[in-house]
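Working notes for the structure below.
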Amino acid sequence: FCTTQEPATPTQQPVPVPPVLTPTQQPATVPPVQLPTQQPAPVPPVQRPTQQPAPVPPVARPTQQPAPVPPVARPTQQPAPVPPTQQPVPVPPAQQLPYDCNAGLANFMAGWSQPKKDWCCKNQHKGCAPASPAPQPARTCQIWGDPHINTFDAGHADFYGEGIKWIVKSADFQIQGRYKATPFTNGLAATDAVAIGGTLMQGHVLKVGCMETGQIAFDHAPILGTFGTFDAAGLGTVTYNDQGDLVD
C-alpha cells in the first residue's frame, strides 16, 4: 500500500473592505414657481330689450237684448162641480123569522114541531135529525116479576130492592121501572109500574101500572079503563086485553 499525503493548504485571510463613506452633499434647492397675477377679463352685462308688449284691443261685446219670454197662458178651467150629497138608502126593517131556532134547541127532538125542525135545519142548520147509525140486527129484552130481566145482549139479572130504576136508557128511548115490596113476595120488591118516553115518543109518556093498584096512562091521563085499543098520537097503538101468557 502507498500513502500519498496531500500538501497542507495555507490559511487565507479575508481582504478587509474599506467602509463606505456616506456623502454629506445637500440636495439642490428648487426655486419657487412664479404664478401670473393677470386678472380675468370682465364679462360685459347682457343688454335686455326695452320693448313693451303690444296692447290687446278690448273685445267688443254685443249689445243685443234677450228675446222677451211670452207669458204662459194658464187654463181657466173651472173646478168640476161637486155632485149633490146622496141620501142613504133606507134599510128595510129586519124580516121577522118564522121560528126562533135557538129557543129550545137542547130538546129540539121532543120540543119542536116538525115544520120548525125542517125550517131551522134548512135555513140555519140547527135542529137537524142526527144521522142514522148503521142498522143493527133486531134484539129483544124481557122484564117481569121481581124483576127478572133477560137483556138485549142475551144476559139475565134478578133484582129485589125497592126504588125507581132505569131499564132502558139511550138517546132515543128510555124505560123506567118502579119496584115496591108486596105481601105476595114476603117483603121483596116487585114491578109496580113501567114508564116509557124519549125522543122516539116525541115528548109523550106512556105509563103502565099493575092490575091490582095501577092504571094505564098516556101523558098522565088515564086510558083503557077496560079492554080495548088506544091510538097513541100516531106513534102506535096500545092494546089492553086478556090475551097473553103468564110469565111468572
(request) Can you establish whether the number of heavy atoms outside Lys207 located under 6.0 Å from its atom NZ is more than 12? (result) no
(request) Indicate the atoms forming the closest heavy-atom contact of Gly187 with Ala181, along with that distance. (result) O-CB, 3.2 Å
(message) Distance alone, cut at 3.5 Å: any donor-acceptor contact between the side chains of His156 and Asp158?
(response) yes
(request) Answer yes if the side chains of Asn241 and Thr239 hold a donor-acceptor pair under 3.5 Å, and no otherwise. (result) no
(request) Find out if the SG atoms belonging to Cys121 and Cys128 lie under 2.5 Å from one another. (result) yes
(message) If we ignore hydrogens and angles and just use 3.5 Å, is the side chain of Gln202 paired with the main-chain N or O of Ala110 as donor and acceptor?
(response) no
(request) Look at atom NE2 of His220 and say whether more than 12 heavy atoms of other residues, nucleotides or ligands are closer to it than 6.0 Å. (result) no
(message) With a 6.0 Å cut-off on the ring centroids, do Phe218 and Phe230 count as close?
(response) yes
(message) Are Ile216 and Leu235 linked, directly or through intermediate hydrophobic residues, by side-chain heavy-atom contacts shorter than 4.5 Å (ILVMFWY only)?
(response) yes
(request) Please tell me if the side chains of Phe152 and Val168 come closer than 4.5 Å, counting only heavy atoms from C-beta onward. (result) yes
(request) Check for a donor-acceptor pair, side chain of Lys165 on one end and backbone N or O of Phe159 on the other, with a separation under 3.5 Å. (result) no
(message) To the nearest 0.5 Å, what is the distance between CG on Asn150 and OG1 on Thr140?
(response) 8.5 Å
(message) With a 4.5 Å cut-off on side-chain heavy atoms, are Cys120 and Phe108 touching?
(response) no
(request) Could you check Gln176 against Val194 for side chain to side chain contact (heavy atoms under 4.5 Å, CB included), going step by step and ending with a plain yes or no? (result) CA-CA 6 Å; Gln176 283 184 315; Val194 173; over 6 Å; no
(message) With a 4.5 Å cut-off on side-chain heavy atoms, are Thr229 and Val238 touching?
(response) no
(message) Do Trp119 and Cys101 make a side-chain contact, defined as non-hydrogen atoms from C-beta onward lying under 4.5 Å apart?
(response) yes
(request) Determine, using the 4.5 Å side-chain heavy-atom cutoff (strictly less than), whether Leu97 and Leu105 are members of one ILVMFWY cluster. (result) no
(request) Taking the side chain as every heavy atom from C-beta outward, state whether Asp192 and Thr182 have any pair of such atoms under 4.5 Å apart. (result) no
(message) Is there a side-chain contact between Phe173 and Ile196 in this structure, where contact means two heavy atoms from C-beta onward sitting under 4.5 Å apart?
(response) yes
(message) With a sphere of 6.0 Å drawn around NZ of Lys126, does it hold more than 12 non-hydrogen atoms of other residues, nucleotides or ligands?
(response) yes
(message) Taking Met109's backbone N and O only, do any of them form a donor-acceptor pair with Lys117's side chain (distance below 3.5 Å, no angle check)?
(response) yes
(request) Please check if the side chain of Trp112 supplies one atom and the backbone of Asp118 the other of a donor-acceptor pair under 3.5 Å. (result) no
(message) side-chain hydrogen bond (donor to acceptor under 3.5 Å, both in side chains), that's the test. Do Thr199 and Asp172 meet it? Break it down for me.
(response) CA-CA 5 Å; Thr199 55; Asp172 300 325; 3.3 Å; yes
(message) For Lys169 versus Gln174, what's the shortest heavy-atom pair and its separation?
(response) CA-CG, 4.2 Å
(message) Show the nearest heavy-atom pair for residues Tyr179 and Gly161, with the distance to one decimal.
(response) CB-O, 3.7 Å
(message) If hydrophobic clusters are built from ILVMFWY residues whose side chains come within less than 4.5 Å, do Ile175 and Trp166 share one?
(response) no
(request) Check the hydrophobic clustering (I, L, V, M, F, W, Y; side-chain heavy atoms under 4.5 Å; chains of links allowed) and say if Val208 and Ile164 are grouped together. (result) no
(message) Membership question, hydrophobic clusters at under 4.5 Å side-chain separation (ILVMFWY): are Met201 and Leu224 in the same one?
(response) yes
